[in-house]
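One structure is given below, encoded as structure tokens.
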Protein chains: 2
Amino acid sequence: MIGAGELMQQKTQPGRLRQKKVVDFHSVKVACRECSLHQLCLPRSITGADLDKLDSIIERKRPLKRNEHLFQVGGSFNSIYVVRSGSLKTYSPTVDGQEQVTGFHLPGELLGLDAIGKGKHPCAAKALETTSVCEVPFEHLEGLSQELPTLQHQLLRLMSKEIFDDQELMLLLGKKTAEARLSAFLLSISLRFKQRGFSSSEFYLSMSRNDIANYLGLAVETVSRMFTRFQEDGLIKAERKHIVIKDREMMQQIAGTNECCDDSPGNQSQFQV
Amino acid sequence: MIGAGELMQQKTQPGRLRQKKVVDFHSVKVACRECSLHQLCLPRSITGADLDKLDSIIERKRPLKRNEHLFQVGGSFNSIYVVRSGSLKTYSPTVDGQEQVTGFHLPGELLGLDAIGKGKHPCAAKALETTSVCEVPFEHLEGLSQELPTLQHQLLRLMSKEIFDDQELMLLLGKKTAEARLSAFLLSISLRFKQRGFSSSEFYLSMSRNDIANYLGLAVETVSRMFTRFQEDGLIKAERKHIVIKDREMMQQIAGTNECCDDSPGNQSQFQV
DNA sequence: TTAAATAATTGATAAATGTCAATTCTATAC
DNA sequence: GTATAGAATTGACATTTATCAATTATTTAA
């Protein structure tokens, strides 16, 4: 639960440069302030003593290894989580004993918002690679939001964003062809990397083809074929998990979305602690 | 904006009995208290003076006629809305000039939560029949939530429920066959009617086959064929918009969901005012 | 009431995607 | 390093669903 010595920014993806910043025991108290994801998440207006208050309710957990669970289905809800480094997938069991992937979570993104209503996690969260998260006890966060209007506002905004994002995905899953789904998926990942300061045209996917297929409601084989086709058509370069976006415009056309407007700062805020 | 004389519970669906309760000008101040949807939405702990406070920020709008818009895409976000009677659909424009239906909203359900993040409505809302809604100015609601911890909690719960529900739908759209989608859709409508005190085995659909198809990501023809097949198989009786569920268990099996757990009271809360 | 427009259904066919099976590639354990 | 298990790819084929076209039913407007 402590292990402050281990708290560092990790090399999330092989081949991508990223500063390793060791957060030692003494600086834990100001971890939020120092976090490289700071500007992604906190309202500008939270500073000084308020930031310290927020900081004080955060718990840092030891990093998860690949395939370790952050929480299980049905587990009681106590906290929301923010990804610091690495990535996770969330998934639900289906009647026939399969699993259905419901989302992927990159640094700066939240997990657990869907559990507030019932007090239980409707899905499980599993690390796709070595991953560290911040834990925000929900009762404390609620209490603090009561004191800090901007924090309440930010929390509501973030939940709203989650609803908005889910609806975007619904659009995708509901209507589109296999190539549109995969294209939109890749563009979505690309955009999220960009918002975190990474390259939007070159990145590593931490999830398997199987997870992608499951998430997009397609067969693995179809996803594989689409990767091949995209490569043949010069849209991307895909070598296993290493992806290069070569013709973004065409991909947007295939995805049927015009992503030009989604770079607005208003879209970037993530809760991070 | 006023028109208090018009505020009455309407006969939403032909053939379904429902008390007509005229809310006259004098009782507008205690409309929340008197509303038949009260127990669906408000935390039990909000009573007395607090309830009056909440009540005082609500605006009642004149009823919408069929096909009238509650809000348009891109319209600035000021309020969230609660359906009092009737129903609406929300939809987004797609690149190719089509529309994509993103949801249906029955009495006691909320609209507008997806707009908080950006301050603009990402979708439009159009009445499917004569419909009346309560308007809750968001700034006031936020302010009041600051004073009333239970209200803040309820608001967060409802937003969480929205996220949860969207993810359920994603599961549906992502993975299932046409018959599973339609079956799950009908069961979902059935459950929502039940939660509002109506029959869960017999109801009227206010939306067209086209809207259903669009929402489920299918062609109209496919939806039509599925209705026919379900009827042939004795699962339902469908006469235009009038639906009777005849074999719920089998439908649940087809939908691939076991809905047995979804009747819990914890699932029923809706924000209503 | 009748006419016109819209919505829903049905059939025939084409296209997309899933399934099954085999093979190649990659990562992991020994 | 080699063996083994898992992941990804590819091909052949079956199934599902979309598309196109025609018909019928229903609602709306004159």
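Not measured: the values here are computed from a predicted model. All values below were derived from every heavy atom in this structure, side-chain atoms included, with hydrogens, water molecules and symmetry-related copies excluded. Chain letters run A, B, ... following the sequence lines, proteins first, then strands; residues in each count from 1.
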Problem - Gap between atoms CG and C1', on A:L128 and D:dA7 respectively (whole Å) - result: 15 Å
Problem - Euclidean distance, atom CD1 of residue A:I243 to atom C1' of D:dA8 [Å, nearest integer] - result: 13 Å
Exercise for the section: Test salt bridge (charged side-chain N to carboxylate O under 4.0 Å, His left out) on A:E109 and A:R192 and set out the steps. Expected result: CA-CA 9 Å; A:E109 295 177 341; A:R192 286 149 78 187; 2.8 Å; yes
Fill in the blank from the handout: Exactly one candidate in B:V223, B:V101, B:V220 meets side-chain contact (heavy atoms from CB on, under 4.5 Å) with B:N210; the answer is B:V220
Practice task
Take the angle between the ring planes of A:H121 and A:Y81 and call it parallel below 30°, perpendicular above 60°, tilted in between.
Solution key: tilted
Exercise for the section: Name the orientation class of the two ring planes belonging to A:H242 and A:Y204 (parallel below 30°, tilted from 30 to 60°, perpendicular beyond 60°). Expected result: parallel
Exercise for the section: Would you check if the side chain of A:E68 reaches a backbone N or O of A:K65 as a donor-acceptor pair within less than 3.5 Å? Expected result: yes
Handout entry: Interatomic distance, B:E239 CD vs D:dT26 C1' [rounded to whole Å]
Key = 13 Å
Exercise for the section: Would you confirm whether the ring centroid of A:F198 sits within less than 6.0 angstrom of the ring centroid of A:F203? Expected result: no
Handout entry: Atom pair CG/CD of A:D211 and A:E99 - distance to nearest 0.5 Å
Key = 7.0 Å
Fill in the blank from the handout: the helix from C:dT1-D:dA30 to C:dC30-D:dG1: angle between terminal helix axes, five bp per end, to the nearest 10 degrees, reads 50°
Handout entry: Distance, nearest 0.5 Å, that separates CG of A:L187 from OG of A:S200
Key = 9.5 Å
Handout entry: Per-nucleotide protein contact string for nucleotides 4-18 of chain C, where B marks a base within reach and S marks sugar-phosphate only (heavy atoms under 4.0 Å, - for neither)
Key = ----SBBBB----SS
